[in-house]
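See structure below.
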Amino acid sequence: MGKYRKILFAVPNFRWEKGDVRTMWNIHPYGLCMIASSLRDSYDVLIVDANFYNLSPEEFVEKVKEYSPDMVGISVLTSEYANTGHLAAKLVKGIDETITVVLGGVHATIQWGEIEDHNIDFIFTGEGDLAFREFVDMLNGKEDSCPSARIAENPYKIPVIKAEAIQDLNSLPLPSYDIIDYKDYTVTSPRESVDEPQVYPYGRIMTSRGCPLNCIFCQVNLIMGKGFRKRAVENIIKEIDFLVENYKIEYLVFDDDNLFFDKERAKNLFRLMIQRQYNVGWHPIATAVYALDEEVLQIARESGLQYVDLAIESGVERILKNIINKPVNLEHAKKIVKICRDIGIHTAVNFVIGFPGETWNEIRRTLSFAEEIDADYCKIFIANPLTGTRLYELANKTGSLVHNRTENSWFIGRIQTNEFSPEDLAVLRAYEWDRINFKTPERREKIAKMMKITTQRLDEIRKETLKKTWEILLSTK
C-alpha cells in the first residue's frame with residue numbers, strides 16, 4: 001500500500017489560542033468528511049476534532065498516539081487561529097517526527113506564502129475533496145502526478161499543493177459522517193445566537209460553492225475560486241434524504257453564500273422539499289437581499305424557512321456602489337424585511353461600518369437605516385481587512401491599515417482614518433447594537449426566544465458585551 005496507510009485529520013482547538021472565543025462556531029467537519037469519502041476505499045481515516053470536544057493539548061496527543069497515523073492533515077479555519085495549527089503540528093512531531101504533517105484549510109489557502117514552520121511537511125490549498133486522494137496516491141507511488149492540483153513551493157521551501165476548484169459538484173460522494181460521532185454535532189451548539197437552529201437534531205449542508213460577486217471585504221473568491229458553482233436540485237435532495245433517514249434531523253442550516261442566487265433552482269429545491277414532506281425547518285447562514293422576491297420567499301416559507309440573515313452591509317448608496325461593490329437597493333431591502341415579517345419569517349440584518357473613505361456621517365446614516373428597517377435583529381460588524389481582499393489593498397494603499405494590531409482585531413478593527421479610529425468604532429458599534437436591538441421589552445422577548453435563552457440571560461449577554469468592549473479598549477492603550 002505504500003508508506004501512507006493511516007491518515008488522521010485534525011481540527012485544533014481554538015481555545016489553545018484564546019480563552020475567550022467570541023468567534024467560536026459549531027463547525028461540523030463537513031470538508032474533512034468529504035475528503036474522507038474519497039480516501040476510505042484504500043486508506044484508514046480518522047478525524048480528531050479537538051475544537052468541538054474542547055481537547056487539551058495533552059488529550060489531543062493521546063488521541064494521535066492511540067491511532068498511530070502515518071500522516072496528519074491539520075485544518076485551520078481562519079488565520080485568527082493560525083497558531084493553533086502550528087501548535088498541533090509541533091505536538092504531532094513531538095510524538096514521532098517521521099509522521100508527515102500537512103496543513104490545510106482556509107488559513108493555508110489564503111496565506112500559504114507566509115507559513116514558515118519546520119514541523120509542516122506540506123501545505124494544501126483549495127478544495128481537497130478529490131485532490132487530496134490524488135496527492136496521497138502520488139506519495140505512495142500509485143500515480144506520477146496529482147492531476148487536480150498544481151504543486152509549487154512557498155518562500156520557505158515548503159511544498160504547496162494547490163488544488164483546483166471542482167466544477168462538477170454533483171460528482172462528489174456524500175460526506176462520510178459515519179467515521180465521526182456525527183450525532184454529537186446535531187444536538188448541541190456552543191453559541192447563544194439568533195443564528196442557532198430552532199430545533200434539534202439538525203444538520204448542515206452546502207448546495208453551492210463560490211460567489212458571482214467580488215465584495216471588497218470577502219475572501220470567498222480566494223478560498224473557492226472565482227465564479228459560482230451549484231449542485232443540481234436532485235443531488236441536494238439526495239443529501240437531505242441521507243440526513244433525514246440516517247440522523248433523523250429536524251432542522252437544516254444551509255452553509256451557502258448564494259442559496260437564492262439562481263431563483264429557479266431555489267424554487268425547484270423548495271418545491272421538492274414540500275413534496276417530500278420532510279417537515280424540517282431550515283435557514284441559510286447568510287442571504288443576499290438582492291436575490292430575494294416575494295414569490296421565492298413564499299415558497300421557501302412553505303418548505304420550512306424559519307429565518308433569514310440579510311446581507312445589506314450599508315445604509316448609504318455611495319458606500320454600497322463605490323466601495324463595497326454590492327448591488328443592494330435599499331428600498332428593496334425594506335420591502336423584503338416587511339414581506340418576511342408578514343409571512344412569518346424572522347429576520348436579521350447585517351451592516352459593516354468603518355471602510356476607508358467612509359465618513360463619520362455616513363456611518364451614522366447606516367446605523368439610522370439599520371434602525372429604520374426594523375428587522376427582528378441587527379448585526380453590526382467593523383470592517384476588517386482580511387489578507388488578499390480588496391479591502392486590505394485599499395486600507396494599505398490609503399495608509400489606513402493599523403499593522404501592529406492583530407489581537408482583538410475582530411472586535412475593534414484595524415482601520416484608522418481622519419474620520420474615525422478603531423476605538424471609536426468599537427464603542428459606537430457596542431452601544432448602537434444594544435440600543436437598536438433591545439429598546440423595548442417586546443423586542444427583548446422576541447430576540448431571547450430566537451436565541452433560545454431567557455430574557456434574564458439576554459440582559460447578562462448585553463452587560464458582558466459592553467463590559468468586554470471597555471476591557472479590550474483599555475488593554476490596547
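Around the NZ atom of Lys263, the shell of radius 6.0 Å holds more than 12 heavy atoms that belong to other residues, nucleotides or ligands. More than 12 heavy atoms of other residues, nucleotides or ligands shown are found within 6.0 angstrom of CD on Glu460. In Glu97, the CD atom is not crowded: 12 or fewer heavy atoms of neighbouring residues, nucleotides or ligands sit closer than 6.0 Å. The 12-atom threshold is exceeded at CD of Glu471, counting heavy atoms of other residues, nucleotides or ligands nearer than 6.0 Å.
For His346 and Tyr307, the ring centers sit 6.0 Å or farther from each other. Aromatic ring centroids of Phe9 and Phe132 lie under 6.0 Å apart. The aromatic ring centres of Tyr185 and Tyr202 sit 6.0 Å or more apart. Annotation: Tyr251 is not in aromatic contact with Trp282 [ring centroid separation under 6.0 Å not met].
Salt-bridge annotation for Arg457 and Glu464: present, with a side-chain N of the basic residue lying under 4.0 Å from a carboxylate O of the acidic one. Using a 4.0 Å cut-off between charged side-chain N and carboxylate O, Asp293 and Lys335 make no salt bridge.
Note on ring orientation: taking the six-membered ring where Trp is involved, the planes of Tyr81 and Phe14 are parallel (angle under 30°, cut-offs 30° and 60°). Taking the six-membered ring where the residue is Trp, Phe351 and Phe369 present perpendicular rings, their angle passing 60° and hence far from 30°.
If you check the side chains of Thr207 and Arg265, you find a donor sitting under 3.5 Å from an acceptor. In summary, the side chains of Thr455 and Glu445 do not present any donor paired with an acceptor at a separation below 3.5 Å, with no hydrogens or angles considered.
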field: Lys338/Asp342 under salt bridge (charged side-chain N to carboxylate O under 4.0 Å, His left out): CA gap, chis, key distance, verdict
entry: CA-CA 6 Å; Lys338 183 180 185 305; Asp342 290 344; 2.9 Å; yes
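Under the rule for a side-chain contact (heavy atoms from CB on, under 4.5 Å), the partners of Glu393 that lie at least two apart in sequence or sit in another chain are Arg390.
Of the possible polar contacts, none joining the Thr389 side chain to the Pro385 backbone as a donor-acceptor pair under 3.5 Å is found.
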